[in-house]
Amino acid sequence: MLHWSSELYIGEGIGGKMKELRRDLDEGKTAENAWLITLSTNRSNQLDIVHTLFLRQPWIRKSLPMIVGVAGSKKEAMNMVMNILTDSLKTHCGTDMRAYLVEKHHTVM
């Protein structure tokens, strides 16, 4: 099963399909038009953007970090990362989006 943040950023491209999309992804299915924003697997970075089709590979599914956002397109995912940065800048975390997500969204690293 995938690891989801307690409070997801959800893009307009996903709309009201989030519940069904989450269920499908948890059951091992993929979605053609969905991108995940996750904590980065590389400590040099903060976040990764991953298309759900990559979840077809078992090693990616098994090692995927906490999902903090879901978008309907790559462009929307990149805008979502900017929104996360903007939200983080409004706090004492500054540009440390990982710390912001851990603190604000109860995300376990």
Side-chain angles (χ1 to χ4, degrees):
M1 184 137 91
L2 301 173
H3 304 284
W4 300 86
S5 173
S6 60
E7 292 184 41
L8 288 173
Y9 283 84
I10 300 172
E12 291 179 14
I14 297 301
K17 302 180 283 186
M18 186 58 217
K19 188 174 182 178
E20 179 182 331
L21 176 66
R22 183 173 175 167
R23 185 191 68 236
D24 287 349
L25 293 176
D26 281 339
E27 291 175 356
K29 299 174 186 172
T30 58
E32 291 290 324
N33 297 318
W35 295 78
L36 305 176
I37 292 97
T38 69
L39 295 180
S40 180
T41 55
N42 178 347
R43 284 295 197 167
S44 299
N45 300 325
Q46 295 190 52
L47 301 174
D48 288 330
I49 298 173
V50 180
H51 195 285
T52 58
L53 293 178
F54 283 104
L55 297 179
R56 289 182 180 169
Q57 299 179 23
W59 67 273
I60 290 179
R61 175 175 283 284
K62 185 176 180 179
S63 63
L64 192 70
M66 183 70 64
I67 299 166
V68 297
V70 182
S73 69
K74 187 172 185 178
K75 183 177 180 177
E76 185 175 56
M78 293 184 340
N79 288 334
M80 191 175 291
V81 169
M82 291 299 298
N83 291 339
I84 294 170
L85 176 60
T86 301
D87 291 348
S88 180
L89 286 169
K90 293 176 185 176
T91 71
H92 68 278
C93 296
T95 59
D96 189 351
M97 293 181 284
R98 289 179 70 95
Y100 165 73
L101 291 166
V102 167
E103 182 178 299
K104 176 77 174 161
H105 299 281
H106 314 292
T107 302
V108 179
M109 292 176 59

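Residue numbers count from 1 along this sequence. Hydrogens, waters and symmetry mates play no part in the numbers below; they use all other heavy atoms, side chains included.
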Is there a side-chain contact between [X] and [Y], using heavy atoms and a 4.5 Å cut-off?
{"X": "Arg61", "Y": "Arg56", "result": "no"}
{"X": "Asp48", "Y": "Ile37", "result": "no"}
{"X": "Gln46", "Y": "Leu101", "result": "no"}
{"X": "Thr38", "Y": "Leu47", "result": "no"}
{"X": "Cys93", "Y": "Glu103", "result": "yes"}

Picking from Leu39, Thr41, Leu2, what satisfies side-chain contact (heavy atoms from CB on, under 4.5 Å) with Leu64?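 With Leu64 as partner, side-chain contact (heavy atoms from CB on, under 4.5 Å) holds for just one option, Leu2.
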Restricting to pairs with a member in residues 14-36, which pass ring-ring contact (aromatic ring centres under 6.0 Å, His included), not counting sequence neighbours? Trp35-His51
Checking Phe54 against Thr30 for the side-chain contact (heavy atoms from CB on, under 4.5 Å) test, could you report, in this order, the C-alpha distance in whole Å, the side-chain angles of both residues, the deciding distance, and whether it holds? CA-CA 8 Å; Phe54 283 104; Thr30 58; over 6 Å; no
With hydrophobic residues grouped by side-chain heavy-atom distances under 4.5 Å, do [X] and [Y] end up in a single group?
{"X": "Leu53", "Y": "Leu21", "answer": "no"}
{"X": "Met82", "Y": "Tyr9", "answer": "no"}
{"X": "Ile60", "Y": "Ile67", "answer": "yes"}

Which pair of heavy atoms, one from Met97 and one from Val81, lies closest together, and at what distance? SD-O, 4.0 Å
Any donor-acceptor pair under 3.5 Å linking the side chain of Arg98 with the backbone of Ser40?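 Pair found, side chain donor or acceptor close to backbone of Ser40.
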For the side chain of Ser88 and the backbone of Ile84, is there at least one donor-acceptor N/O pair under 3.5 Å apart?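 It does not hold such a pair.
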Would you mind listing every side-chain hydrogen bond (donor to acceptor under 3.5 Å, both in side chains) that reaches into residues 67-81, with sequence neighbours excluded?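 Every candidate side-chain hydrogen bond (donor to acceptor under 3.5 Å, both in side chains) pair involving residues 67-81 fails, so no pair, neighbours aside, qualifies.
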Of all residues at least two apart in sequence or in a different chain, which pass the side-chain contact (heavy atoms from CB on, under 4.5 Å) check with [X]?
{"X": "Asp24", "answer": "Glu20, Glu27, Lys29"}
{"X": "Ile10", "answer": "Leu8, Ile14, Met18"}
{"X": "Thr95", "answer": "Leu85, Leu89"}

More than 12 foreign heavy atoms under 6.0 Å from CG of Asn83: is that the case here?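 Enclosed.
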Inter-residue atom distance His92.NE2 - Tyr100.OH, 0.5 Å rounding: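 Rounded to the nearest 0.5 Å, the NE2-OH separation comes out at 11.5 Å.
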The side-chain hydrogen bond (donor to acceptor under 3.5 Å, both in side chains) partners of Asn45 (sequence neighbours excluded) come to none
Does the side-chain contact (heavy atoms from CB on, under 4.5 Å) test come out yes or no for Leu25 and Val70, once each step is laid out? CA-CA 11 Å; Leu25 293 176; Val70 182; 5.8 Å; no
